[in-house]
Amino acid sequence: MPVIEAVGVSHRYGERTVLSEVTVRLEEQRVGVVGANGSGKSTFARLLNGLVLPSAGRVTVDGLDTRSQGREVRRRVGFCFTDPDAQIVMPTVAEDVAFGLRRRGMAKADARSRVEKTLVAYGLGGYQDHPAHLLSGGQKQMLALASVLVTEPALLVMDEPTTLLDLRNAQLVARVVAGLPQQVLLVTHHLDLLDGFDRVLVFDEGRLVLDDAPAAAVRHYRTLMT
Amino acid sequence: MTSTIGLYVPGSSVLHRLPAGTKLLAMVAVGVLSVFLDRPWQVAAALAAVLAGYPVAGLPVRVALGQLRPLVWILGFTAVFHVVVNGWERAGVVVGVLAALVLLASLVTLTTRTTDLVDAVVTGCRPLRVLRVDPERIGLLIALGIRCVPVVAGLAEEVRDAQLARGLGASPRAFAVPLIVRSLRHADALGEALTARGLDD
Ligand SMILES: Nc1ncnc2c1ncn2[C@@H]1O[C@H](COP(=O)(O)OP(=O)(O)O)[C@@H](O)[C@H]1O
Ligand SMILES: [Mg+2]
């Protein structure tokens, strides 16, 4: 598993500190992140692939610094956003899955067979030429996921991937995630998704307030919310 | 939501198999030549030729008519304008040419994958490298543009629904402002996603 390391990480937007002094080393296969809205979860997630650079401290993935080696980091770290519509960048299903491969310089023919296999694996076989905007919400999230996973990242960071989905589709996504061989860091409000996770981080007002097994972390999170 | 105007319909017809670059060049050539059409019979022949392309591509004529639907107002306005200013014959010629060109462009996009179109444009733009223009970027812009049309249409629908739900009338400002805000937010998120997916790698 990759090793994620944050050392003395703080982040400010203008005057406002939204993350303060986060130090953590993560090398488990399944890491969850919970916390109230605005507690800094998305900022933390975005720090892991260099989408957000820390105002202080440093973040590394397998020793690669997100600030100076952003490109190498992003090749290892896939990111799945909450809203698949913002993540799907190509007009049709197969084209979107091929996007990341083409950006990495893979030839069209090689990309094609890899794309086909990936689509089948994520329940989108037969949808190659389907316009992305005509997919259902659940299918869109599966497409977003397929498009990220086709590049075989070592770490997958997911920022509330099931928040916009109905229960059935949320469970579908959860099942796919559960079966992934790679390291996953999942930010979520769906606490049952964290069953079987190795470790869960609880954020509150920009601070990492607890780092424990899922049951204990969820219990603490519930007391914070009442 | 929105209909699938101009979006690729898979098939194996002659038109599907023609290289994208050839189709694009032919389309541009016809566009240039269309300025020489000024007799109603010539325009009628052009329209018939383009329409005949639809069954050749395995597409029902109904699909062709669907391509014109979004342009009904523009075509109607153009027709009225020319009838008043230049008379019936001229109106027929102008509207006919316009319709034929739209049908032709749609026929090209209906029978060509976006990636193939984009690749053809990228190849066509290679000479622009001397001007330090990156052809890949142009291609990506086109693909993103196509992808954004239904997304923004969806946002517009949401904004309109919200407006109706709050009992606001059809105020253009109450519509435009939230739509622009949402579109900008979407553009922001899209930029992030492109970075995350390796755009600059
Ligand atoms: N781009 C930004 N500019 C300014 N403030 C931001 C930006 N992104 C997030 N924030 C603020 O930072 C705080 C933490 O946000 P975020 O990390 O998104 O929290 P969470 O994901 O836990 O809801 C929030 O108060 C939010 O308003
Ligand atoms: Mg968030």
Side-chain angles (χ1 to χ4, degrees), chain A residues 42 45-46 48-52 69-106 108 111-112 115 126-135 140 144 147-148 150-151 153 156-157 159, chain B residues 1-12 16 20 109-120 122-123 136-137 139-158 182-201:
Chain A
S42 293
R46 281 164 169 72
L48 305 184
N49 72 342
L51 273 182
V52 169
Q69 292 157 295
R71 174 195 295 198
E72 287 75 13
V73 169
R74 279 188 286 279
R75 283 194 173 219
R76 260 158 233 249
V77 184
F79 201 102
C80 182
F81 296 84
T82 311
D83 180 5
D85 261 327
Q87 184 167 355
I88 299 169
V89 299
M90 288 287 136
T92 63
V93 171
E95 287 167 339
D96 193 68
V97 178
F99 176 84
L101 297 176
R102 299 291 305 275
R103 295 313 300 176
R104 282 166 171 74
M106 186 181 274
K108 210 170 174 177
R112 185 161 292 170
V115 166
Y127 281 89
Q128 279 93 322
D129 294 313
H130 203 78
H133 74 277
L134 295 181
L135 296 175
K140 280 183 186 171
S147 295
V148 172
V150 73
T151 62
L156 177 65
V157 177
D159 190 2
Chain B
M1 201 169 62
T2 38
S3 60
T4 58
I5 296 152
L7 267 178
Y8 180 67
V9 177
S12 55
H16 283 87
T109 53
L110 283 164
T111 56
T112 318
R113 284 195 174 83
T114 331
T115 19
D116 295 338
L117 269 181
V118 167
D119 286 350
V122 168
T123 309
E136 293 283 341
R137 284 291 150 119
L140 180 64
L141 270 179
I142 295 170
L144 284 175
I146 296 172
R147 163 70 185 132
C148 282
V149 171
V151 173
V152 174
L155 292 178
E157 209 160 292
E158 281 173 26
R182 282 188 199 208
S183 299
L184 289 176
R185 205 178 290 150
H186 175 75
D188 208 30
L190 192 63
E192 238 189 354
L194 284 167
T195 306
R197 294 187 59 186
L199 175 62
D200 295 315
D201 297 357

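Model, not experiment: these values are computed from the prediction. Numbers restart at 1 for each chain; the letters A, B, ... are given by sequence-line order, proteins then strands.
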> Given a strict heavy-atom distance threshold of 4.5 Å, which part of A/T151 is in contact with chain B: side chain, backbone, both, or neither?
Replying inline: neither
> Measuring heavy-atom distances to chain A, does B/R113 have an atom under 4.5 Å in its side chain, in its backbone, in both, or in neither?
Replying inline: both
>> For B/R147 and A/H133: C-alpha separation, side-chain torsions, deciding distance, then whether side chain to side chain contact (heavy atoms under 4.5 Å, CB included) applies.
In response: CA-CA 8 Å; B/R147 163 70 185 132; A/H133 74 277; 3.9 Å; yes
>> Taking side chain as everything from C-beta outward and backbone as N, CA, C, O, which of these in B/D119 sits under 4.5 Å from a heavy atom of chain A? Side chain, backbone, both or neither.
In response: side chain
> With only heavy atoms counted, which part of A/N49 is less than 4.5 Å from chain B, the side chain, the backbone, both or neither?
Replying inline: side chain
>> If I compare all heavy atoms of A/A86 with all of B/A189, which pair ends up nearest, and what's the gap?
In response: CB-CB, 3.6 Å
>> Does any backbone or side-chain atom of A/V89 lie under 4.5 Å from a heavy atom of chain B? Answer side chain, backbone, both or neither.
In response: both
> In terms of heavy-atom contacts, does CD of B/E158 have more than 12 from other residues, nucleotides or ligands at under 6.0 Å?
Replying inline: yes
> Judged by atom type as modelled, is there a donor-acceptor pair below 3.5 Å linking the side chain of A/R103 to the main-chain atoms of B/L199?
Replying inline: yes
> Most heavy-atom pairs under 4.5 angstrom with chain B, which of A/D83, A/V77, A/T92, A/I88?
Replying inline: A/I88
> Which value, rounded to the nearest 0.5 Å, describes the distance between B/Y8 atom OH and A/Q128 atom CD?
Replying inline: 10.5 Å
> Out of A/E95, A/Q87, A/R102, which one racks up the most heavy-atom pairs below 4.5 Å with chain B?
Replying inline: A/E95
>> Just verifying a value: how many Å separate B/T114 OG1 and A/M90 CE, rounded to the nearest 0.5 Å?
In response: 8.5 Å
> So, for A/F81 and B/A193, which heavy atoms are closest and what is the spacing to 0.1 Å?
Replying inline: CE1-CA, 3.8 Å
> Checking B/R197 side chain against A/F99 main chain: does a donor-acceptor pair fall under 3.5 Å?
Replying inline: no
> Which atom names give the shortest non-hydrogen contact between A/K108 and B/D116, and what distance separates them?
Replying inline: NZ-OD1, 2.8 Å
> Among A/G100, A/A132, A/G105, A/S147, which has the most heavy-atom pairs under 4.5 Å with chain B?
Replying inline: A/S147
